[in-house]
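Here, residue 1 is the first one in the sequence, and each next residue gets the next number. Values in this document were obtained by computation on a predicted structure and should not be read as measured data.
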Amino acid sequence: MSHKKNPDPKQNFHTDSGIEIKQYYEPVQKEKEIPGEYPYTRGIHPTMYRGKLWTMRQYAGFSTAEESNKRYKYLLQQGTTGLSVAFDLPTQIGYDSDHPLAEGEVGKVGVAIDSLKDIEILFDDIQLATISTSMTINATASTLLAFYIALAKKQGADLKKLNGTVQNDILKEYAARGTYIFPPTPSMKLITDVFEYCEKEIPRWNTISISGYHIREAGATAVQELAFTLSNGKAYVLAALEKGLSIDSFAKRMSFFFNAHNNLFEEIAKFRSARRIWAKMMKELGAKEPASLMLRFHTQTGGSTLTAQQPENNIVRVTLQALSAVLGGTQSLHTNSFDEALSLPGEKAVKIALRTQQIIAHESGVTDTVDPLAGSYFIETLTDQMEEKALAEIKKIDGMGGSVKAIEQHYIQNQIAQSAFRYQKEIEGGEKIVVGINKFSEHESIIPNRMRIDESARTMQMEKLKHLKSTREKAMVESCVTELESSARENRNVLPHILKAVENYVTLGEISDTFRKVWGEYRG
């Protein structure tokens with residue numbers, strides 16, 4: 001019979017953010033907090049999942065619009081309740097598939113979208129009025145949103161009821177990911193143009209999803225993810241206020257996108273403290289309506305935590321991460337597939353990932369009561385500590401002039417890089433155990449069937465582009481591009497002009513090149 005060796009009582013235990021974990025915790029004296037009431041620590045709705053489950057929104061997109069449409073229909077048949085679109089790299093940085101810089105990248109990390117024609121194929125036989133769609137796109141977010149609106153109009157949907165989210169978060173691209181096109185000032189203008197347009201035309205649309213996910217994937221700690229994300233959110237609010245928008249006109253349509261890693265209790269505390277910090281921050285900025293104070297968020301399980309070695313272990317990791325998101329009160333959730341460290345996910349892996357959410361929702365019992373870990377001495381203490389440390393970091397960024405200035409000074413980038421370096425050193429030194437990597441490893445390697453995208457995707461896209469350009473009305477295209485350039489130069493809201501352009505089949509690359517001509521490109 002084996003016995004677990006008792007740890008050295010002098011040994012220090014810490015969360016991944018460096019918060020010391022005590023051997024035991026005592027009751028925390030604090031004001032009574034009620035779910036659905038300010039500051040929303042315990043959830044933004046009084047009943048949470050007793051009233052409605054989170055949206056099971058599986059992120060998908062690869063190759064061509066034709067192939068991705070098949071995957072979306074498969075996911076909907078399996079019980080997915082919302083779609084989340086992954087775009088390929090050329091689409092993300094404003095190049096059509098026939099651009100020389102697109103070679104080797106078309107359809108590889110997401111679906112290739114060049115024009116309204118592709119969006120029509122992507123959502124073929126899927127009524128946009130009946131689903132909620134999230135689009136992970138930033139530099140070209142305004143154009144992709146225009147594509148979506150144009151298709152909704154063609155389908156006869158009521159735009160006032162159109163429901164979904166466009167990520168539209170450029171600051172984290174400068175800080176952690178790199179798919180930016182334009183300099184910060186015009187990029188921020190594009191974002192606030194979306195705020196202004198959507199308020200009038202598609203009022204139920206979430207105009208931004210401020211992403212901590214990619215910040216965390218780049219190597220940030222949970223505290224840094226929290227602090228940098230909320231600082232970015234504050235920067236967008238201030239930019240919109242400077243534009244002359246009323247805070248309660250746009251704040252209720254802002255949402256967030258967080259990562260979920262393996263440290264179960266730290267992740268739960270992160271989500272709880274995020275709601276509290278944002279509610280207080282928005283109140284200080286002048287928000288009055290309750291919906292403007294509520295932090296609504298989507299969660300995706302941690303891609304960087306997945307291992308190519310012993311990939312089936314990732315099913316367990318994803319389950320723990322998904323559980324932390326649910327216990328933390330997420331509004332929608334994507335669970336990664338176990339084979340994603342090796343390739344784009346296959347259908348079997350996708351189904352297991354979705355079933356993970358469904359088992360948590362319907363079999364675990366954790367949805368039966370609101371904030372089930374509230375009152376835990378450990379959780380309450382950790383929530384307070386996460387808030388304290390994040391606020392200290394936010395104060396530091398405020399002292400630099402806000403997120404844009406902190407990014408321009410490379411402060412945020414350097415902090416993320418240092419954290420990533422420390423974490424890797426801990427793994428290599430054996431201080432941090434990753435099962436199957438630096439402990440419990442095996443010599444034999446089991447490689448699941450990999451999904452591969454070849455260059456035929458680009459060939460097909462180029463053929464479609466060639467046909468499109470030969471059949472569309474050339475004079476109208478030129479007129480739309482001229483009008484679009486004028487709107488950018490004259491500092492008008494560009495969204496109506498983008499929409500007119502895409503409805504006349506001006507391509508994503510042509511629209512992006514028009515803006516490049518006016519604003520230039522950001523070199524970092």
Enquirer: Should the pair Lys270-Glu267 be classified as a salt bridge under the 4.0 Å nitrogen-to-oxygen rule?
Expert: yes
Enquirer: In the structure I gave you, are the side-chain heavy atoms of Gln415 and Phe228 within less than 4.5 Å of one another anywhere?
Expert: yes
Enquirer: Rounded at 0.5 Å granularity, tell me how far NE2 in His45 sits from CZ in Arg50.
Expert: 15.0 Å
Enquirer: Using a strict threshold of under 4.0 Å (side-chain N to carboxylate O), is an ion pair present between Glu521 and Arg523?
Expert: yes
Enquirer: Tell me which one of Cys198, Ser255, Ser132 satisfies side chain to side chain contact (heavy atoms under 4.5 Å, CB included) with Asn206.
Expert: Ser255
Enquirer: What orientation do Phe258 and Phe256 show, parallel under 30°, tilted 30 to 60°, or perpendicular over 60°?
Expert: parallel
Enquirer: Do Met56 and Leu354 touch side chain to side chain, with heavy atoms closer than 4.5 Å?
Expert: yes
Enquirer: After noting the C-alpha distance and the side-chain angles of Asp193 and Lys243, does the key distance pass the salt bridge (Lys or Arg N to Asp or Glu O under 4.0 Å) rule?
Expert: CA-CA 9 Å; Asp193 278 0; Lys243 190 183 184 75; 2.7 Å; yes
Enquirer: Aromatic rings Phe297 and Phe271: how do their planes relate, parallel, tilted or perpendicular, breaks at 30° and 60°?
Expert: parallel
Enquirer: Would one find more than 12 heavy atoms of other residues, nucleotides or ligands at under 6.0 Å from atom CD of Glu408?
Expert: yes
Enquirer: Please determine whether ring pair (Phe, Tyr, Trp, His ring centres under 6.0 Å) holds for the pair Tyr522 and Phe182, giving the CA-CA distance in whole Å, both sets of side-chain angles, and the decisive distance to 0.1 Å.
Expert: CA-CA 5 Å; Tyr522 184 67; Phe182 316 112; over 10 Å; no
Enquirer: Taking it one step at a time, do Arg276 and Asp384 satisfy salt bridge (Lys or Arg N to Asp or Glu O under 4.0 Å)?
Expert: CA-CA 10 Å; Arg276 188 192 294 168; Asp384 291 345; 2.9 Å; yes
Enquirer: To the closest 0.5 Å, what do you measure between CZ (Arg57) and OG1 (Thr165)?
Expert: 5.5 Å
Enquirer: May I ask you to say whether Glu225 pairs ionically with Arg216, meaning some side-chain N is under 4.0 Å from a carboxylate O?
Expert: yes
Enquirer: Which pair of heavy atoms, one from Ala260 and one from Thr299, lies closest together, and at what distance?
Expert: CB-CG2, 3.7 Å
Enquirer: May I ask you to decide whether Arg275 forms a salt bridge with Glu33, counting only side-chain N to carboxylate O separations under 4.0 Å?
Expert: no
Enquirer: Would you list the atom pairs, donor with acceptor, under 3.5 Å between side chains in residues 283-292 and any protein atom, with sequence neighbours excluded?
Expert:
from   : atom 1 : to     : atom 2 : distance (Å)
Lys288 : NZ     : Gly286 : O      : 3.4
Ser292 : OG     : Asp248 : OD1    : 2.7

Enquirer: So which atom in Gly302 and which in Asn259 form the shortest heavy-atom distance, rounded to 0.1 Å?
Expert: CA-OD1, 3.1 Å
Enquirer: Can you tell me how far CD1 of Ile352 sits from CD of Gln357, rounded to the nearest 0.5 angstrom?
Expert: 14.0 Å
Enquirer: With a 6.0 Å cut-off (strictly less than), is the heavy-atom count around CD of Glu26, excluding the residue itself, greater than 12?
Expert: no
Enquirer: Quick one: do Glu393 and Lys395 satisfy salt bridge (Lys or Arg N to Asp or Glu O under 4.0 Å)? Show the steps, please.
Expert: CA-CA 5 Å; Glu393 191 62 51; Lys395 184 178 179 181; over 6 Å; no
Enquirer: Can you say whether the rings of Phe250 and Phe195 are parallel (under 30°), tilted (30 to 60°) or perpendicular (over 60°)?
Expert: parallel
Enquirer: Please confirm whether the backbone N or O of Gln224 pairs with a side-chain atom of Thr221, one donor and one acceptor, at under 3.5 Å?
Expert: yes
Enquirer: Verify the distance criterion only: is there a donor paired with an acceptor across the side chains of Ser187 and Tyr180 at less than 3.5 Å?
Expert: no
Enquirer: Should the pair Arg272-Asp371 be classified as a salt bridge under the 4.0 Å nitrogen-to-oxygen rule?
Expert: yes
Enquirer: Should Arg253 and Glu199 count as an ion pair when the cut-off is N to O under 4.0 Å?
Expert: no
